[in-house]
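All values below were derived from every heavy atom in this structure, side-chain atoms included, with hydrogens, water molecules and symmetry-related copies excluded.
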Amino acid sequence: MNRAIAVIALCALGACSDMSNQPKQRSYSPLVGPAQTPPDTVAFLYRNPSAPPLTFALIERGRQRYRIFCTPCHSELGNGQGMIVQRGFPAPPSFDSERLLQAPTRHFVDVIAQGHGAMYAYAARVPPADRWAIAAYIRALQKSQNASATDLAAAKAETAP
């Protein structure tokens, strides 16, 4: 009886395949195949429905959460030179890198939740609303690090009475 169960179990396991080796759409990769945008189609901007509206309060909440959870590795500037890195821990990428400047905001939310590289997942420590707040602050931090004189002049003109 035990041999029969063992044989059936081995046959069942042999039927399993490596599911990572199959055609599928990967996150943040361009669409391929029939899902591609047809010619003469007008593109539109997609806003993630789970993303909260961008407000100053959201960015301020993100700044507070960023200082608590992110500065030990990423630093106040987001350049990847936090105190833990200065003590020998591997440096995370700078938020000013071209790859992260081009990454969708959802990328930061996902990395906070799931971790990436040496960074462990913060899903149990940072609630989803705070993940979006941190991502909004990272975007503001990126803007502040890459602002030009014309950006500042335009912002000043917008706030002038």
Side-chain angles (χ1 to χ4, degrees), residues 6 8-37 43-148 151-152 155:
I8 292 172
L10 285 174
C11 290
L13 288 174
C16 295
S17 66
D18 181 6
M19 302 226 16
S20 65
N21 188 15
Q22 61 181 341
K24 61 186 165 281
Q25 181 69 37
R26 296 204 177 269
S27 299
Y28 312 118
S29 64
L31 294 175
V32 294
Q36 287 179 326
T37 306
F44 66 93
L45 295 176
Y46 172 75
R47 184 184 177 287
N48 191 312
S50 60
L54 186 61
T55 63
F56 181 75
L58 180 75
I59 294 172
E60 180 59 26
R61 173 71 178 184
R63 184 185 69 82
Q64 293 167 349
R65 303 289 96 183
Y66 178 89
R67 292 186 80 191
I68 293 168
F69 295 107
C70 308
T71 58
C73 296
H74 290 278
S75 86
E76 292 277 346
L77 299 175
N79 62 4
Q81 297 300 312
M83 290 305 290
I84 291 176
V85 173
Q86 293 174 26
R87 289 181 169 80
F89 198 78
S94 171
F95 292 131
D96 290 339
S97 71
E98 189 61 32
R99 179 180 66 85
L100 293 180
L101 287 170
Q102 299 302 320
T105 305
R106 180 71 199 206
H107 170 76
F108 299 106
V109 174
D110 291 344
V111 168
I112 293 167
Q114 301 164 8
H116 184 76
M119 178 180 161
Y120 57 86
Y122 278 87
R125 297 168 184 85
V126 180
D130 284 347
R131 293 177 212 154
W132 283 104
I134 292 169
Y137 179 72
I138 290 170
R139 286 297 191 208
L141 193 61
Q142 288 175 323
K143 293 268 189 205
S144 73
Q145 299 296 316
N146 294 294
S148 67
D151 294 335
L152 297 175

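- Under a cut-off of 6.0 angstrom, the local environment of CZ in Arg67 is sparse, with at most 12 non-hydrogen atoms contributed by other residues, nucleotides or ligands.
- Side-chain contact between His107 and His116: absent, with no pair of heavy atoms (C-beta onward) separated by less than 4.5 Å.
- Between Trp132 and Arg106, the closest side-chain pair of non-hydrogen atoms falls below 4.5 Å.
- Taking each heavy atom of Glu76 and Tyr66 in turn, the nearest pair found is O-CE2, 4.2 Å.
- Here Ile84 contributes atom CD1 and Thr71 contributes atom OG1; the two are 8.5 Å apart, rounded to the nearest 0.5 Å.
- Of the listed residues (Pro92, Pro72, Pro90), just one forms a side-chain contact (heavy atoms from CB on, under 4.5 Å) with Val85, and that residue is Pro92.
- Taking CG of Leu141 as the reference point, atom CZ of Arg63 lies at 11.5 Å (rounded to 0.5 Å).
- For the pair Arg65 and Phe69, the cation does not sit on the ring face, since its NZ or CZ is not both under 6.0 Å from the ring centre and inside 45° of the axis.
- Across every non-hydrogen atom of Ala121 and Ala113, the tightest pair is CB-O, 3.0 Å.
- Going from atom CD1 of Ile112 over to atom CD1 of Ile138 covers 5.0 Å, rounded to the nearest 0.5 Å.
- With hydrogens and angles ignored, the 3.5 Å screen pairs no side-chain donor or acceptor of Arg61 with any backbone N or O of Asp130.
- In this structure, OH on Tyr137 lies 8.5 Å from CD on Glu60, to the nearest 0.5 angstrom.
- In terms of modelled atom types and a separation under 3.5 Å, the side chain of Gln142 and the main chain of Leu100 share a donor-acceptor contact.
- Annotation: side chain of Met119 is not in contact with side chain of Cys73 (no heavy-atom distance under 4.5 Å).
- Between Leu77 and Ser94 there is no side-chain heavy-atom pair separated by less than 4.5 Å.
- Within the 4.5 Å cutoff, the side chain of Asn79 has no heavy atoms near those of the Asp96 side chain.
- Taking all atoms of both residues into account, the shortest heavy-atom contact from Ala140 to Ile59 is CB-CG2, 4.1 Å.
- Side chain of Gln81 to backbone of Ser75: no donor-acceptor contact under 3.5 angstrom is found.
- Contact of the Arg139 side chain with the Phe108 side chain is registered, since non-hydrogen atoms from C-beta on lie closer than 4.5 Å.
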